[in-house]
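Presented below is the structure to which this report refers.
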Amino acid sequence: AAIDRVHARVPEFLVPGRTEADVAADIAEAIVAEGHSEVAFIIVGSGPHGADPHHECSQRELAAGDIVVVDIGGPVEPGYHSDSTRTYSLGEPEPKVAQRYSVLQRAQRAAFDSVRPGVTAQQVDAAARDVLAEAGLAEYFVHRTGHGIGLSVHEEPYIVAGNDLALAAGMAFSIEPGIYFPGEWGARIEDIVIVTADGAESLSNRPHELAVVEV
């Protein structure tokens with residue numbers, strides 16, 4: 001809930017002419033103000049920087065038309081971590097961007113819908129990847145679908161091909177497929193979910209749509 005409140009404030013920080021570092025500084029203040037004990041990480045990847053899943057922030061200035069990936073989190077006492085990614089568009093996105101983003105939404109939803117006790121971690125990864133593959137976007141998804149989270153930001157279970165660990169009720173992990181077009185733009189949607197007795201519960205409740213920021 002605390003990190004959801006931060007994402008609700010992000011659009012006010014995304015102003016053309018400001019740098020990624022400017023935005024990250026505002027987000028850092030908001031993370032603590034909204035209830036975290038500290039900042040664990042901040043990614044503000046605008047335009048071509050959004051195509052690097054591991055970008056942090058830079059002196060690049062935001063511009064109208066940018067797609068911006070914002071991945072943020074931190075610990076809340078007694079030390080459990082938040083982690084959430086949403087993607088923003090400074091102005092209305094181009095039709096091709098909107099179409100590809102809609103596929104990503106479907107991929108993230110498919111992974112969530114696949115979660116239940118007994119399903120393996122790699123099956124959840126495949127659920128997201130298959131949707132992207134059907135749309136010809138498989139090559140643009142270049143990382144695992146998720147990671148466990150708790151007292152550490154990254155821990156088991158890792159939601160990745162080759163991990164045949166069976167999910168069990170109570171496990172907490174991210175579902176965060178992304179698409180990345182080098183030199184152009186990228187997008188990612190990340191929720192934290194908990195395995196329930198017959199499915200999954202999402203702890204992330206911000207909208208999944210590409211958030212359009214008026215410029």
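The basis for the numbers below is simple: all heavy atoms, side chains too, and nothing from hydrogens, waters or symmetry mates.
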Q) When rounded to the nearest 0.5 angstrom, what distance separates CG in N205 from NE2 in H7? A) 12.5 Å
**Q.** Residue pair D83, H154: steps toward the side-chain hydrogen bond (donor to acceptor under 3.5 Å, both in side chains) verdict
**A.** CA-CA 10 Å; D83 186 1; H154 298 106; 4.8 Å; no
Q) Would you say N163 and E156 make side-chain contact, with heavy atoms under 4.5 Å? A) yes
Q: Measure across T87 and R188 and return the closest heavy-atom pair with its distance rounded to 0.1 Å.
A: OG1-O, 2.8 Å
Q. Any donor-acceptor pair under 3.5 Å linking the side chain of Q108 with the backbone of I175?
A. yes
Q: Write down the atom of L165, the atom of P157, and the distance for their closest heavy-atom approach.
A: CD2-CB, 3.6 Å
Q: Using a cut-off of 6.0 Å, state whether more than 12 heavy atoms not belonging to E184 lie near its atom CD.
A: yes
Q) Roughly how far apart are Y140 OH and I179 CD1, rounded to 0.5 Å? A) 10.0 Å
Q.
Is there a side-chain hydrogen bond (donor to acceptor under 3.5 Å, both in side chains) between S82 and H36? Walk through the geometry before answering.
A. CA-CA 9 Å; S82 67; H36 296 81; 2.8 Å; yes
(Q) Test side-chain contact (heavy atoms from CB on, under 4.5 Å) on V70 and T85; report intermediate values, then the result. (A) CA-CA 6 Å; V70 177; T85 309; 6.0 Å; no
Q: Say whether, by atom type as modelled, one donor and one acceptor occur between the side chain of T120 and the main chain of Q123 under 3.5 angstrom.
A: yes
Q. Are there more than 12 heavy atoms of other residues, nucleotides or ligands under 6.0 Å from atom CD of E12?
A. yes
Q.
I'd like to know if D4 and R9 make a salt bridge, using a cut-off of under 4.0 Å between side-chain N and carboxylate O.
A. no
Q) Heavy atoms, side chains only, cut-off 4.5 Å: are P53 and V142 in contact? A) yes
Q: May I ask you to check whether D191 and H208 show a side-chain donor-acceptor distance below 3.5 Å?
A: yes
Q) Within the side chain of R5, is there an N or O that forms a donor-acceptor pair under 3.5 Å with the backbone of A33? A) no
Q.
Looking at A2, is its backbone amide N or carbonyl O close enough to the side chain of E34 to form a donor-acceptor pair, meaning the two atoms are under 3.5 Å apart?
A. no
Q: State yes or no: do I189 and L14 share one hydrophobic cluster built from I, L, V, M, F, W and Y residues joined by side-chain heavy-atom distances below 4.5 Å, directly or via other members?
A: no
Q.
Donor-acceptor check, side chain of H81 to backbone of G79, threshold 3.5 angstrom: yes or no?
A. yes
Q: Apply the side chain to side chain contact (heavy atoms under 4.5 Å, CB included) test between I27 and each candidate in I43, D22, I42; give the one that qualifies.
A: I42
Q) Under a 4.5 Å cut-off applied to non-hydrogen side-chain atoms, are I194 and L203 in contact? A) yes
Q.
Hydrophobic clusters here meaning ILVMFWY residues chained together by side-chain heavy-atom distances under 4.5 Å, can you tell me if I72 and V39 are in one?
A. yes
Q: Give a yes or no on whether W185 and Y88 share a hydrophobic cluster (residues Ile, Leu, Val, Met, Phe, Trp, Tyr; joining criterion: side-chain heavy atoms under 4.5 Å apart).
A: no
Q: State, to 0.1 Å, how close Y101 and A187 come at their nearest heavy-atom pair, and which atoms those are.
A: CD1-CB, 3.8 Å
Q | Flag side-chain contact, heavy atom, 4.5 Å: E190 against H147 | A | yes
(Q) Looking at every non-hydrogen atom in both residues, tell me the closest pair between A21 and Q59 and how far apart they are. (A) CB-NE2, 3.5 Å
Q: Would you confirm whether T145, through its side chain, and E176, through its main-chain N or O, come within 3.5 Å as a donor-acceptor pair?
A: no
Q.
Count I, L, V, M, F, W, Y as connected when their side-chain heavy atoms are under 4.5 Å apart, and connections chain through other members. Are V160 and L132 then in the same cluster?
A. no
Q) Taking atom CD of E155 and atom CE of M171, what is their separation to the nearest 0.5 Å? A) 10.5 Å
Q. Hey, mind stepping through D71 and R86 against salt bridge (charged side-chain N to carboxylate O under 4.0 Å, His left out) and telling me if it holds?
A. CA-CA 7 Å; D71 185 350; R86 291 294 185 268; over 6 Å; no
Q: Measure the shortest side-chain to side-chain distance between F112 and S202 over non-hydrogen atoms and say whether it is less than 4.5 angstrom.
A: yes
Q) Looking only at heavy atoms, what is the nearest atom pair of S84 and I3, with distance? A) CB-CG2, 3.7 Å
Q.
Quick check with a 6.0 Å cut-off and a 45 degree axis cone: is R144 positioned over the face of Y158's six-membered ring?
A. no
Q) Is there a donor-acceptor pair closer than 3.5 Å between any side-chain N or O of D52 and the backbone N or O of H49? A) no
Q | Heavy-atom check, side chain of R60 versus side chain of T19, under 4.5 Å | A | no
(Q) Evaluate L151 against Y80 for side-chain contact (heavy atoms from CB on, under 4.5 Å), listing each step before the verdict. (A) CA-CA 5 Å; L151 290 172; Y80 289 94; 4.0 Å; yes
Q) Counting distance only, does the side-chain N/O of R100 pair as donor-acceptor with the main-chain N or O of L137 below 3.5 Å? A) no
**Q.** Contact check, side chains of E38 and V32, non-hydrogen atoms, under 4.5 Å
**A.** no
Q | Heavy-atom neighbours of F41 CZ exceed 12 at 6.0 Å | A | yes
Q. If you look at every heavy atom in E20 and S46, which pair is closest and at what distance?
A. OE2-OG, 2.6 Å
Q: For the residue pair E209 and Q105, establish whether any side-chain heavy-atom pair is separated by less than 4.5 Å.
A: yes
Q.
I'd like to check the salt bridge (Lys or Arg N to Asp or Glu O under 4.0 Å) partners of R206; sequence neighbours left out, ordered by chain and number.
A. none
(Q) Could you see if I67 belongs to whatever hydrophobic cluster contains L62? Use Ile, Leu, Val, Met, Phe, Trp, Tyr and a side-chain cutoff under 4.5 Å. (A) no
